[in-house]
**Q** 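Please see the structure below; I have some questions.
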Amino acid sequence: MPATSTHTTPSDSGGTPQPRSRLPTVGTTIFSVMSALAQACDAVNLGQGFPDFDCDQRLVQAVSAAMLGGHNQYPPMAGVPALRAAIAAKIATLYGRTCDPDREITVTAGATQAIFTAILALVQPGDEVIVLEPCYDSYVPNIELAGARVVRVALDPQTLRPDIDRIAAALTPRTRGLVVNTPHNPSGTVWRADDWHGLADALAGSDVVVISDEVYEHMVYDGQPHHSALAHPAIAARSVVVSSFGKTYHVTGWKVGYAVAPAALMAEFRKVHQFNVFTVNTPMQYGLAAYMADPAPYQTLSSFYQAKRDRFRAGLARTRFRLLPCEGTYFQCVDYGGLAVPERTLPEAAFCEWLTREIGVAAIPLSAFYGSPTEQQRIRFCFAKRDETLQAALQRLGAL
Ligand code: PMP
Ligand code: GLN
């Protein structure tokens, strides 16, 4: 093929048809890109969000016991009953909502699959779906793959908190979905009860389904509660609420999560789920069900991560990075405009690449969470790391 050619024909490529991309503007996710770069450069990886410490060995033992006990064939399509019952019991205790585990809870292959399945099942081509920007990178491609139109509504530019008036102004008769994320990746902001009340009023009488991504539900700091969509009856009645065991139990690689929705929405969700993954791996579900009998691991998660947040913020406060607030999640955003190095003027993605290659600390550019180019000199660090890892990063960042 000539070097200047931009098109290939089947004969150029040895008979392989040239695909027409469903996602022509999408490349590899920033999280994979930065983790690969961090590894190649032997940098401290504060980019992609995952712990660098192991999970509780009691959880591993519970899963091993399930495997050794012969739980190795397909489970029921919606998930192992004991796990769905444990999820329902937890929701009743924490959020005061009674869910029918048989009709309203489905175990999924992580939150990513739950969100995509909800969108595919509940949104029609031509519908409009609102995302609140900045937002997690899977939402927009999910909406596009469903053939729907993405409507981007900005979070408040100063506080990165939801602005209900802006959401209300974006609603049209074609609006069918709204994706909410609290605690919020990347900003670390959390929804308050008033935000949900305001949203309930704005959506009253509409057909809008809320997809509430609550994967960081157990990482909320400074004594604030997590305000789940499930705790607000008018919102819960129109929501698919998604969570992930990966975040809560330090097992991001297991890819097990769940979706909760009223039976009428869940029936449609399951029609797509059964022809997508069909079921989620059995021994993990038995292991998780047994482990959930003890609430301590999720009850203590906020204080565990709050201590890390506080130590990391105290260290960053001694550098030239400017800290943004962090009310929840395991992400800390900073502004690098005040650094003493000339690279402080680089665009965010180029700055992150430089930081990884030359300083040895990987981070994520906030521009990755926006649709059109935004440059605010802001990056995201993940502090779900051992204290030694955070110390090593802080030592390098302190030199800038
Ligand atoms: N939503 C948000 C906001 C996330 O940060 C993540 C990160 N992993 C996910 C969804 C996906 O979760 P899972 O790994 O369970 O698919
Ligand atoms: N949610 C994680 C983050 O925000 C990454 C998950 C992924 O790599 N897809 O860093």
Side-chain angles (χ1 to χ4, degrees), residues 23-27 29-31 33-34 47-49 111-112 115-116 118-119 123 127-146 148-172 174-192 195-196 198-199 202-203 208-216 229 235 239-240 242 324-329 331-335 347-349 351-352 363-382:
L23 295 170
T25 61
V26 165
T29 82
I30 188 70
F31 309 113
V33 168
M34 291 314 300
Q48 191 177 25
T112 311
I115 295 163
F116 191 22
I119 290 170
V123 167
D127 286 348
E128 293 174 4
V129 180
I130 297 175
V131 297
L132 306 178
E133 247 187 8
C135 67
Y136 187 59
D137 68 343
S138 73
Y139 305 157
V140 165
N142 285 180
I143 296 163
E144 288 173 350
L145 286 169
R149 198 166 82 76
V150 178
V151 176
R152 299 168 191 274
V153 172
L155 292 171
D156 181 289
Q158 295 309 316
T159 61
L160 292 180
R161 293 188 32 71
D163 179 336
I164 303 300
D165 291 340
R166 282 180 201 241
I167 298 172
L171 294 170
T172 76
R174 303 215 67 135
T175 312
R176 185 70 180 132
L178 163 67
V179 187
V180 166
N181 172 213
T182 181
H184 182 251
N185 178 6
S187 73
T189 55
V190 300
W191 279 52
R192 313 230 160 98
D195 297 322
W196 287 120
L199 184 67
L203 299 183
V208 177
V209 172
V210 175
I211 295 160
S212 187
D213 177 349
E214 303 184 11
V215 300
Y216 301 104
I235 291 290
S239 292
V240 180
V242 171
L324 275 65
C326 170
E327 300 177 297
T329 75
F331 301 117
Q332 173 64 55
C333 295
V334 294
D335 184 315
E348 291 171 5
F351 180 83
C352 285
I364 300 292
L366 280 211
S367 53
F369 297 83
Y370 291 85
S372 42
T374 43
E375 289 301 339
Q376 306 170 86
Q377 297 180 298
R378 287 178 177 185
I379 59 175
R380 187 198 82 178
F381 292 122
C382 171

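The figures here come from the full heavy-atom set of this structure, side chains too, leaving out hydrogens, waters and symmetry mates.
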**Q** With a 4.5 Å heavy-atom cut-off, do Asp195 and Arg161 have their side chains touching?
**A**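 The answer is yes; the side chains approach within 4.5 Å.
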
**Q** Do Val123 and Ile143 touch side chain to side chain, with heavy atoms closer than 4.5 Å?
**A** no

**Q** Does any part of the side chain of Leu203, heavy atoms only, come nearer than 4.5 Å to the side chain of Leu171, both counted from C-beta?
**A** yes

**Q** For residues Leu155 and Pro134, determine if any side-chain heavy atom of one lies less than 4.5 Å from a side-chain heavy atom of the other.
**A**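 SC-SC contact between Leu155 and Pro134 confirmed.
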
**Q** On the 0 to 90° scale, with breaks at 30° and 60°, tag the Trp196-Trp191 ring pair as parallel, tilted or perpendicular.
**A** tilted

**Q** Nearest 0.5 Å please: distance from the SG atom of Cys135 over to the CG atom of Asp213.
**A**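 Taking SG in Cys135 and CG in Asp213, the distance rounds to 10.5 Å.
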
**Q** To check you understand the geometry: which heavy-atom pair defines the closest contact between Ala170 and Ile130, and what is its length?
**A**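 Heavy-atom minimum between the residues: CB-CD1, 4.0 Å.
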
**Q** Provide the closest heavy-atom pair for Arg152 versus Gly371 in the form atom of the first, atom of the second, distance.
**A** NH1-CA, 3.1 Å

**Q** How many angstroms lie between CG in Leu178 and CG in Leu132, if you round to the nearest 0.5 Å?
**A**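 Output value for this atom pair is 5.5 Å.
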
**Q** Taking atom CD of Glu214 and atom CG of Asn181, what is their separation to the nearest 0.5 Å?
**A**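 Here the rounded value is 9.0 Å.
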
**Q** Less than 4.5 Å apart, side chain to side chain, heavy atoms only: is that true for Val150 and Tyr139?
**A** no

**Q** Can you give me the closest heavy-atom contact between Ala148 and Val129, atom names plus distance?
**A**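 Closest pair (atom of Ala148, atom of Val129, distance): CB-CG2, 4.1 Å.
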
**Q** Please identify each residue that fulfils side chain to side chain contact (heavy atoms under 4.5 Å, CB included) with Glu128, with sequence neighbours left out.
**A** Arg149, Val151, Thr172, Arg174, Thr175

**Q** Before giving the answer on side-chain contact (heavy atoms from CB on, under 4.5 Å), spell out for Thr189 and Thr159 the whole-Å C-alpha distance, their side-chain angles and the decisive distance to 0.1 Å.
**A** CA-CA 8 Å; Thr189 55; Thr159 61; 5.9 Å; no

**Q** Can you give me the closest heavy-atom contact between Ala229 and Ser239, atom names plus distance?
**A** CB-OG, 4.1 Å

**Q** Over all heavy atoms of both residues, which pair between Pro186 and Phe331 is shortest? Give the atoms and the distance, please.
**A** O-CB, 4.0 Å

**Q** Working to the nearest 0.5 Å, report the span between CG of Leu366 and CD1 of Ile364.
**A** 10.0 Å

**Q** Got Val240 and Val209 here, is their nearest side-chain heavy-atom distance under 4.5 Å?
**A** yes

**Q** State, to 0.1 Å, how close Pro365 and Ile379 come at their nearest heavy-atom pair, and which atoms those are.
**A** CA-CG2, 4.3 Å

**Q** Can you tell me how far CG of Leu324 sits from CZ of Arg378, rounded to the nearest 0.5 angstrom?
**A** 4.5 Å

**Q** May I ask you to decide whether Arg166 forms a salt bridge with Glu133, counting only side-chain N to carboxylate O separations under 4.0 Å?
**A** no

**Q** So how far is it from Thr329 OG1 to Arg380 CZ, rounded to the nearest 0.5 Å?
**A**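 Between atom OG1 of Thr329 and atom CZ of Arg380 there are 8.0 Å.
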
**Q** Considering only heavy atoms from C-beta outward, does the side chain of Tyr370 approach that of Gln376 to under 4.5 Å?
**A** yes

